[in-house]
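Have a look at the structure below, then the notes.
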Protein chains: 2
Amino acid sequence: MARPRKPLLSRERIIETAGVLIDAEGVEAISTRRLAAELGVSGPSLYNHFRTKDEILEAVADAVQAQVDLSMFDAGAHPESGDWGWDTALHDWGVAYRATLKAHPHIVPVLALGPGRRPAGLRVADAVFGAMVRAGWPPAQATSIGALMRYFVTGSALGSFARGFVDDQAAYDPTDYPHLGQAHLLAERQEQVDEGAFETGLRAIIDGLRVQFAAIAEK
Amino acid sequence: MARPRKPLLSRERIIETAGVLIDAEGVEAISTRRLAAELGVSGPSLYNHFRTKDEILEAVADAVQAQVDLSMFDAGAHPESGDWGWDTALHDWGVAYRATLKAHPHIVPVLALGPGRRPAGLRVADAVFGAMVRAGWPPAQATSIGALMRYFVTGSALGSFARGFVDDQAAYDPTDYPHLGQAHLLAERQEQVDEGAFETGLRAIIDGLRVQFAAIAEK
DNA sequence: ACCTGAACACCGTTCAAGT
DNA sequence: ACCTGAACACCGTTCAAGT
């Protein structure tokens with residue numbers, strides 16, 4: 001075939017197809033040959049558009065991150081109700097962030113691991129930092145808030161805590177694990193357990209930040 | 001050589017060598033051939049001791065997790081001073097947990113991702129759950145606390161937030177990122193920024209849990 | 001039981017050749 | 001510029017053969 005008069009591939013098409021494939025079958029399902037085949041093209045063609053396979057994965061991760069809603073940080077968010085607060089914005093963002101990652105769980109390791117030098121990651125950092133400073137947080141704390149929220153949300157989206165438990169009482173020898181007598185019950189409700197832990201943690205973080213904020217404002 | 005009269009390998013020796021290799025060169029450096037060579041043995045020999053390469057990585061992750069100090073959850077911890085509290089225990093554990101993971105950063109993705117069905121993971125869950133219930137937390141909340149702490153600590157150990165920023169002001173176009181004018185300064189102090197965000201987040205979580213605990217105790 | 005070399009079906013990436 | 005097939009240097013894993 002050689003060079004067609006109109007390019008068969010584009011970065012966008014590669015990212016799109018890779019994303020679908022990863023959502024369906026996981027990151028391990030992606031090989032350059034497999035992805036290329038899915039695109040109707042031969043393996044090495046991809047290297048005309050990306051330098052490495054890792055770069056493709058990073059681009060997919062960035063595309064997912066870009067879907068996270070940030071509108072709650074807008075200066076004029078909820079102007080009518082007048083109840084904007086850095087705390088509710090942070091909570092809403094956390095929930096939206098997690099929901100987006102949970103919709104694309106297979107790419108989360110790439111997203112969480114990378115240094116986050118991707119454009120969408122910077123856009124998030126910018127929005128959070130800007131909103132926190134505007135709300136009265138000192139810059140150093142505003143930076144920390146963006147970081148710690150990322151730690152918590154990606155950590156929660158990465159691994160299921162509840163999935164660690166099997167639905168079999170015999171698996172938990174009371175000698176080894178004296179307090180896990182009911183642990184096998186967790187297996188039945190993995191989803192709720194992880195969701196509950198996330199909600200509890202998110203609320204704790206925000207309650208805790210309120211305590212710190214009050215201490216700062218006091219001075 | 002065929003079968004030697006004394007086995008050349010053991011699970012322990014494989015885990016140990018794999019751990020050293022991963023610490024030094026990362027998970028990608030581990031191939032079954034490379035690891036076997038390091039052990040003075042041929043590639044397929046490993047399959048007499050582990051079913052898959054992934055099982056080896058899981059075992060290394062478990063070995064790291066097993067190093068995390070849990071003594072702060074002991075019933076008789078600090079009996080002389082009498083200042084044991086679930087909150088300080090949780091804080092100390094968080095700090096110790098993160099320190100251990102930071103000492104072996106290359107294995108953290110495996111540790112954070114896996115379902116945590118490994119023995120060391122269960123031992124952690126058991127210790128935290130037991131201590132929280134003993135301190136007066138309802139079982140459902142005690143479960144959540146173990147989970148949310150894991151989310152936060154592994155998330156913080158996985159990716160550096162600060163590493164996302166480069167030491168170059170020109171990288172942050174004010175049009176794209178209106179609030180990142182000082183972001184290039186973060187690059188210089190990655191370590192402190194991430195450490196500070198972790199400390200802030202850990203304190204916020206514990207302060208927030210105190211608020212919830214007070215609400216529960218009140219009833 | 002525990003090691004070996006050979007073999008299978010893959011990989012990511014490079015590169016010269018085609019238009 | 002953008003695609004191709006061939007090739008290189010790898011992979012994880014299986015398996016029959018050796019003791």
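Sequence lines set the chain letters: A, B, ... in the order given, protein chains first and strands last, and positions in each chain run from 1.
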Where do B:Leu186 and B:Gln190 land on the side chain to side chain contact (heavy atoms under 4.5 Å, CB included) test, with the steps shown first?
-> CA-CA 6 Å; B:Leu186 295 178; B:Gln190 292 179 5; over 6 Å; no
Looking at residues at least two apart in the chain, or sitting in another chain, which of them share a side chain to side chain contact (heavy atoms under 4.5 Å, CB included) with B:Ala127?
-> B:Leu70, B:Phe73
Can you name the residues that form a side chain to side chain contact (heavy atoms under 4.5 Å, CB included) with A:His91, not counting sequence neighbours?
-> A:Val95, A:Glu199, A:Leu202, A:Ile206
Distance test, side-chain N/O of B:His49 to OP1/OP2 of C:dA1, below 4.0 Å | no
Establish, with yes or no, whether the OP1 or OP2 oxygen of D:dC2 is under 4.0 angstrom from a side-chain nitrogen or oxygen of A:Ser45.
-> no
Interatomic distance where [atom1] belongs to [X] and [atom2] belongs to [N] [whole Å]:
| X | N | atom1 | atom2 | result |
| --- | --- | --- | --- | --- |
| A:Leu35 | C:dG12 | CG | C1' | 13 Å |
| B:Leu39 | C:dT4 | CG | C1' | 16 Å |
| B:Arg5 | D:dT19 | CZ | C1' | 10 Å |
| A:Tyr47 | C:dC11 | OH | P | 12 Å |
| A:Asn48 | D:dC2 | CG | C1' | 5 Å |
| A:Arg11 | D:dC2 | CZ | C1' | 15 Å |
| A:Leu9 | D:dC2 | CG | C1' | 9 Å |
| B:Glu28 | D:dC11 | CD | C1' | 14 Å |

NA contact type, B:Leu46, heavy-atom cut-off 4.0 Å: base, sugar-phosphate, or nothing?
-> nothing
Look at the aromatic rings of B:Phe152 and B:Phe198 and report parallel, tilted or perpendicular, splitting at 30° and 60°.
-> parallel
Closest heavy-atom pair, B:Leu180 versus A:Leu122, reported as atoms and distance to 0.1 Å, is CD1-O, 3.7 Å
Ring pair (Phe, Tyr, Trp, His ring centres under 6.0 Å) partners of B:Tyr97, counting only residues at least two apart | B:Trp93
Given DNA chain C, 5'-ward residue of the pair A:Ala29 and A:Arg51, judged by closest heavy atom | A:Ala29
Watson-Crick or G-U stems of DNA chain C, 3 or more pairs, under 3.5 Å, by first number | C:4-8 with D:12-16, C:12-16 with D:4-8
Counting side-chain heavy atoms from C-beta on, which of D:dT13, D:dC3, C:dT4 comes nearest to B:Thr32?
-> D:dT13
Sort me out a list of protein N/O and nucleotides 5-10 of chain D N/O pairs below 3.5 Å, or just none if empty.
| from | atom 1 | to | atom 2 | distance (Å) |
| --- | --- | --- | --- | --- |
| D:dA7 | N6 | A:Arg33 | NH2 | 3.4 |

Side chains of A:His104 and A:Asp23: is there a donor and an acceptor less than 3.5 Å apart?
-> yes
Determine whether the side chains of A:Asp194 and B:Tyr151 contain a donor N or O and an acceptor N or O closer than 3.5 Å.
-> yes
Which residue pairs satisfy the side-chain hydrogen bond (donor to acceptor under 3.5 Å, both in side chains) criterion with at least one member in residues 25-35 of chain A, sequence neighbours excluded?
-> A:Glu25-A:Arg34, A:Arg34-A:Glu38
